[in-house]
Each structure stands twice: as C-alpha cells, then as structure tokens.
Number of protein chains: 2
Amino acid sequence: MSDARDTLFRYLTLLQLIPRYPGRMSTPVLKEKLADRGFHIDTRSLQRDLSQKLSTQFPIGCDDSQKPYRWYFDRDFQCQLPALDVPSALTLVLAEEYLKGLLPPVVVGQLSPHFTDARRLLDKMSSNGLSQWARKVRAIPNGKALIPAALNETTWQIVSQALLEQKPVDVVYLSRTSKTEKHFTLHPQGLVSRHSVTYLLATVDDYDDIRQFAMNRIEIATLSEATWRPLHGFDLDNYIAGGAFGYLQGKVPVTLVAQVAPQVAWLLSETPLSETQRLTSLPDSSWQQLEAEVPDDQQTLWWLMAMGANVNVLAPTSWRETLKANAEQVLAHYQSTLVAQKTY
Amino acid sequence: MSDARDTLFRYLTLLQLIPRYPGRMSTPVLKEKLADRGFHIDTRSLQRDLSQKLSTQFPIGCDDSQKPYRWYFDRDFQCQLPALDVPSALTLVLAEEYLKGLLPPVVVGQLSPHFTDARRLLDKMSSNGLSQWARKVRAIPNGKALIPAALNETTWQIVSQALLEQKPVDVVYLSRTSKTEKHFTLHPQGLVSRHSVTYLLATVDDYDDIRQFAMNRIEIATLSEATWRPLHGFDLDNYIAGGAFGYLQGKVPVTLVAQVAPQVAWLLSETPLSETQRLTSLPDSSWQQLEAEVPDDQQTLWWLMAMGANVNVLAPTSWRETLKANAEQVLAHYQSTLVAQKTY
DNA sequence: TATTTACGCGACCTACGTTGTCGCACCCCT
DNA sequence: AGGGGTGCGACAACGTAGGTCGCGTAAATA
C-alpha cells in the first residue's frame, strides 16, 4: 500500500482528485496530490492516465486553453461505488421532495448529481416501461410551504467554504432597512437555515458581536484578504435558544396539559409531541387528555395556535393566558374591520 | 467498449455490482451480470479480481459459509467518484438536519453512507483541528417538530421494492381501531410522507379501492406470491388534493387579502407565500397590507391561525369567518374550563 | 526578438501484471 | 461412491503499464 503500485487504486484516487466542473485541476497539481497519497509516478504516466485511459471511459473534460492543462469532471456525473439500492434511491427521491420546499433551489441543486443518480436508477429499473415511479411518491411538508428564498450559486460556494475554512469574506449586502448596498468584511461563525431562509452568523469588520445576514441578500461574496479574527465562546445552540430567530426558548421544558379533539389525538398517537407524551380518555367525551413534556418555545406555541379550537390548553397557565389573549385580539380585529370587510 | 478489455473499467463495473451489506451476490451471478455488460471473462479471473485485487483495497466482505461465495460491501462504505466538494458536503449536513425531523430514523439511516461521507470530508478538511463544523450548522424546521414515527428497516426495504417493481406484499398490520393484527395482501400504488408519518397507498386483496396504511403499523412485510393486479387511472396528486390526508384543497387558488403585523411582513418579504404576493404599506400603521394568490387548502388556513393576532384576514370571507368562529370557540373553551384551570 | 522554461506528446523498450487453461481439492447432493 | 459445482494454486503467453528520451510548441522572460 505504501508502494501501492496498484494501478487500479491509483486510477481511483486520481478520479477522486479531479474536481467537478466549476472546479478544475492542472496536471502538476494532480501529480503533487497523487504523490501526497503515496503514488510517486512519472509525469508522463499521469498524462497518459488522463488523456488515454480515463478520459475515454469517463466524462472527463480538459481545458487546454492554457498550457498546464486543467482537468475536470462533467458537472452532473455521479458514480456511487456500491451502486444505489432501490430503497436508497426511493429515499433520495423522497428527500429531494422535502428539501425542495426547505432549501434554496441553488442549494438543492448542489445535490442534484445525487438525486439524478437515484432517478436514473429508478428509470432503468422499470424497464418494463411503466413503473412511473415519479408519480408514486409524494412528500407533504410540515406546515405551510413558503417559497424558499433564492440565492446566488457562487455566494453559497464562497460562504460555505469560508465558514468551514475559517476565512473572512468580503460581501456586498443589501440592507433590509435602508435599501442600500453595504460593504462588509464578515468573519463567519455559523449557518442557520430557518424554514426556507438561510442566515449566516458572523462578526462584522472589527466588532465582536454576532450579527445575522440573510444569505439571499448577499449580492457578491469573495474570499477576503483580511486576517481571520477568531471568536471564542460562541455557541450556536445557545444563540438560537436565546431567541435570536424568534424562538425564545426557556431552558427547562414545561409540562403541557391539554384536552384535544379526536382528530388531534389521532395525529399525536402517530407522531408524538415528545417521548414522554401520554394520552388518556376523558369521561363523557370523545376528546382525550394530553400530557407531555415539551420545550418552552415559540414553535410549540404556534403549533397549539394552529390547532385552534381543537385543543384546550390547561397548563402551563402562561400559555393558556397567551392563547386566550390571542383569541380575544383576533376577535377584536374582526370587530374593527367589520366595515372594510363588506367591500369584499 | 464492446470488447472492453480495459481492466480498470471492468473493476469499476464489478464494484458497482457488489451490493451493500444486507445484500450479497454470488460469484456466478456476478459473472453473469458482468457478461451482460460486455465483460466476458473467465470465472477464474473473476475469482482473482474479488479475492486478490478488490478485497485487499476495498472494504469488501465475503460470506464463505456456503459454496458459491457471496460478496458484499461494508455497510457504511461510500465512495463518490468525483469526490464531494465543500459546499456539497455542507449541504448534505444541512439536509440531514432537516430530514432527521421529517423522515423515520430508519429511512434517514438508509442515506447514512452519504451523510457520513460528507462528515468525514469536513472532519478531514479541518485538519487544523478545531473547525468544529458540527457546531456551525443548524436547521430549524418549519413548524412544530413532531417525533417521526419509527418503522422497521426491512419493512421499508420490502415495501419500497414492491412499490417500484409492481409486486404485491403480504403484511401483518396493526389496525388502529381494533388493536388486533390483520393479514392483508397489498398492491402498492403510492407512497406519501406527510409530516413525519409515511403512508402506503394500496389496494387490498381483491378490492379495487385505494386505502392508506401507516408504514409504522406494518409489523411484518414479505413479498407476496400473489399475482399483481394493476390499477388503472389512479393519480396520486388528485388523490391528495381530494382531501385524503386532511388537506382538502379547492381546485382554484383564492386571493388572500390581509393586514399583517410588521414581523410577519418581514418574514413574508423573505419567503413569500406565493409568486404573486404583494405587500403594501398601510397609512397610520406599521402594519402592511398583504395580497397573494394562495392555494385553497388546510395548510394555508393553519398557517394563518398560527399567526394569530398578527394577521387580520379580510378575504376570502369564508376564511375570515372560520378564523373568527375558531377564536370564539377557543374563548368558549377557556370559559368552561375556568375551574379546572385553577388546579394547576 | 531571442532565449528559456514548462508541458504535452510520440516512440521505444523492458519488466511485470493480467488472463486463459489445467489440474487438484473440497463440499454437497443424489 | 460418484458427479457437478466451485475455489484455488500453478504456469505460460501475451499485452501493457510505466520509465526514459527527445522533439515540438507556447508562454514567460530578458
């Protein structure tokens, strides 16, 4: 293995080194990287491998406009080494259905080679002609499907790279309040995808406080020349729990007690609110009593609100009061706009 | 290519033919499949390839308990041919975060080789030691995260295979109403993953009507000996739109008109309700007027309810009435249980 | 413009890897 | 006990991978 004169393995390593299309890699660099991994071969051999062996059998392209030729894989080529099995392929299709509603198109596009691979397998499998797998699988997302914010492909690439390699980025950002473009140097500390909007958490210029930047409002991103300023003691989970995304979350879970309508009980018996959930029948009613330890956060409260008259929260009292107050406010709204309503 | 005496390519094809662990494939079968793809080689060569070349370089195992040896890949081995790039790896991590809340653990586990591959790449990349990528990325799911219904691994494998290959399955199903186990022969027609519960749509035994089966309540599934009875004219999308999953959906979209609080307007400007959405300022208020073409479905109504007092729906009138009635009912609840409340 | 440098590429040759064939051993089945 | 299916060691012939040399070319440098 150290000598590793095994041709096959060298080919495979080489194939793994060649980047997918937007990227490219020159022959000398490839030789270098190959050497790093224990394959000390002559430049000539590498050239032969590329231009005679691999490029005839694989969708590999060569940019020969400049002299150190640079090689790349076709953008959408994908090859799983243990080929996908049918269940995995189906899972991928399902996953794609879900993710399309959750992540920006560009980001899902990043994974398209995987998904197309799965689809190709399923297509091929139904050689009888009419399996029509595409019409057999659907994902119904949780909650209202909002349209994911569009974002720029290179922005995603630059920012994700910067985040992971701990490098600063220069960005042109379209501020929300003032509709003006601003220039910042960001030091990325984290990435949060909330619903369908992706936020970059970063410190700005020379300041030490974390700020949020919606990725879709970053107009241009480039790796910065500035030096990286590390930030210690930042914890993403604490940051989120602190309410930064509108999800103020109490440290301690609370015990939810509520009466729920039959259809809600049915739902909850399939997909519990928490591990500790208990459902018990109520006398003289088709409703059931629900008890569960749930996080003290906005999400849970919204879920309860969406259930509307189908749940009747008994505890915690604060939630009960909130829900009650909310209902009163809603009614108040509908009183005050009574006149306006008539115009529709 | 027809003669394809290229060793490398034969090796690769072979590697793609060897299934991942739960599966296994015997030498004669491999020879057969290889021949199908144009590689007519001697059995001896195949044996050498497997036992001397491939199994020394790859995590390949051999079950030699029976005489036609059967080969398989390590369960969690994964090899992308153009290796993953950093943005793709990060996307995979994000995707996994989301999917963990949406699909049953076993189903996500089906994709774990992909995800572990991504994680391995990120781990390796941060050779400086402390990139701690895992602490840098979070996905906050849309809506309340219910716990996905657990389901059996082999059930998923059998059923997905049956669905795609148009084969009937014999199942032991734990009925919801009566807590008894029932035996059916199902003819799978579709698969719907709703929130976190996965349903199989199938005709039962000799009947022609579609019924839903929660995958998590299928206790045992085996490919059936029965002959496949095709069902014509079934359209999954129509079926869902027809309200089968509690999402009765009007054929025509409706025009939603509402006044929304600033924070809701903020959210909607990032992730619109629909392509046609318009937000306009209201005089004498920080609220804004929202107009959008939205589907006439339960999801949208739930979303409006969750927004509570932060939206004031003006049209369609039916929704306005529904929301108002709901608020009144909620208040009524909280009146009637006033006494009970005090005990908490 | 002349010179240098860096690559790509064709050619050549040798060592070694690949592959078909044969024979033997083993196990299972009848 | 015998025969078919399979794994495996050995061997010889063929093919080819890979190091080396040298030329041509294009870009960089003086």
Side-chain angles (χ1 to χ4, degrees), chain A residues 1-19 23-73, chain B residues 1-19 23-73:
Chain A
M1 42 166 308
S2 162
D3 65 341
R5 67 203 175 299
D6 213 308
T7 330
L8 162 67
F9 212 54
R10 191 189 71 224
Y11 285 152
L12 278 176
T13 314
L14 188 50
L15 287 171
Q16 285 202 297
L17 285 174
I18 299 173
R24 45 190 59 193
M25 197 171 279
S26 72
T27 324
V29 176
L30 282 172
K31 177 171 152 64
E32 178 73 19
K33 297 226 174 199
L34 228 37
D36 285 351
R37 304 182 181 214
F39 299 97
H40 301 275
I41 54 158
D42 195 86
T43 308
R44 184 68 192 103
S45 294
L46 177 57
Q47 289 170 350
R48 265 192 296 249
D49 290 348
L50 288 167
S51 63
Q52 286 167 37
K53 311 257 25 167
L54 300 189
S55 68
T56 61
Q57 302 280 19
F58 292 90
I60 286 179
C62 176
D63 171 12
D64 54 0
S65 63
Q66 291 179 37
K67 216 36 189 299
Y69 288 4
R70 288 160 309 174
W71 301 82
Y72 54 88
F73 252 107
Chain B
M1 45 167 304
S2 162
D3 65 340
R5 69 203 174 298
D6 213 308
T7 333
L8 162 67
F9 212 55
R10 192 188 70 223
Y11 285 153
L12 278 176
T13 313
L14 189 50
L15 287 171
Q16 284 201 299
L17 285 174
I18 299 173
R24 47 191 58 193
M25 197 170 278
S26 70
T27 323
V29 176
L30 282 173
K31 176 171 153 65
E32 178 73 19
K33 297 225 172 198
L34 227 36
D36 284 350
R37 305 181 181 214
F39 299 97
H40 301 275
I41 55 160
D42 196 86
T43 308
R44 184 69 191 106
S45 294
L46 176 58
Q47 290 170 349
R48 266 192 297 250
D49 290 348
L50 288 167
S51 64
Q52 286 166 38
K53 312 261 13 169
L54 301 188
S55 69
T56 61
Q57 302 280 20
F58 291 90
I60 285 179
C62 176
D63 172 11
D64 54 0
S65 63
Q66 290 178 39
K67 216 34 190 299
Y69 288 3
R70 288 160 308 173
W71 301 83
Y72 54 89
F73 253 107

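In the text below, chain A, chain B and the rest are named by the order of the sequence lines, each starting its count at 1. On a predicted model such as this, the values are computed, not experimentally measured, just so you know.
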Between P on C:dC27 and CG on B:D64, what's the gap in Å once rounded to a whole number? 12 Å
For the side chain of A:R44, starting at C-beta, report the closest nucleotide among D:dC8, D:dT20, C:dT19. D:dT20
Please report, rounded to the nearest Å, how far the P atom of C:dG8 is from the CD atom of A:Q52. 13 Å
Categorize B:K31 for me: base, sugar-phosphate, or nothing, with a 4.0 angstrom heavy-atom threshold over every strand shown. nothing
Looking only at C:dT18, D:dT6, D:dA17, the nucleotide nearest the A:Y11 side chain is D:dA17
Give the nucleotide from the list D:dG7, D:dG9, C:dG8 with an atom nearest to the side chain of A:T27. C:dG8
Parallel under 30°, tilted from 30 to 60°, perpendicular over 60°: which one fits the rings of A:F58 and A:F73? perpendicular
Counting heavy atoms from C-beta on, name the nucleotide in D:dG19, C:dT19, D:dG7 closest to the side chain of A:S45. D:dG19
For atom CZ of B:R10 and atom P of D:dG15, their distance in whole Å: 16 Å
Distance in angstrom units between A:W71 CH2 and C:dC7 C1', rounded: 12 Å
Hey, are the side chains of B:Q57 and A:L8 touching, using non-hydrogen atoms and a 4.5 Å cut-off? no
Less than 4.5 Å apart, side chain to side chain, heavy atoms only: is that true for B:T7 and A:T7? no
Measuring from the side chain of A:R48 (C-beta onward, heavy atoms only), which nucleotide among C:dA11, D:dT6, C:dG8 has the closest atom? C:dA11
Rounded to whole Å, OH of A:Y69 lies from P of C:dC7 at a distance of 12 Å
Using atom CD of B:E32 as one end and atom P of D:dT6 as the other, report the distance to the nearest whole Å. 12 Å
Considering only heavy atoms from C-beta outward, does the side chain of A:L12 approach that of A:Q16 to under 4.5 Å? no
Quickly work out the A:D42 CG to D:dC21 C1' distance and round it to whole Å. 11 Å
Go through C:dT18, C:dT19, C:dG20 for me and flag the one nearest to the B:I41 side chain. C:dG20
Given D:dG18, is OP1 or OP2 found less than 4.0 Å from the side-chain N or O atoms of A:T7? yes
A:F39 has an atom CZ; how far is it from atom C1' of D:dG19, in whole Å? 18 Å
Mind checking whether A:L50 and A:I60 have side chains closer than 4.5 Å, heavy atoms only? no
Is B:K53 near enough to C:dG17 that one of its side-chain N or O atoms lies under 4.0 angstrom from OP1 or OP2? no
Nearest to side-chain heavy atoms of A:Q47, which nucleotide of D:dG7, C:dT19, C:dC9: C:dC9
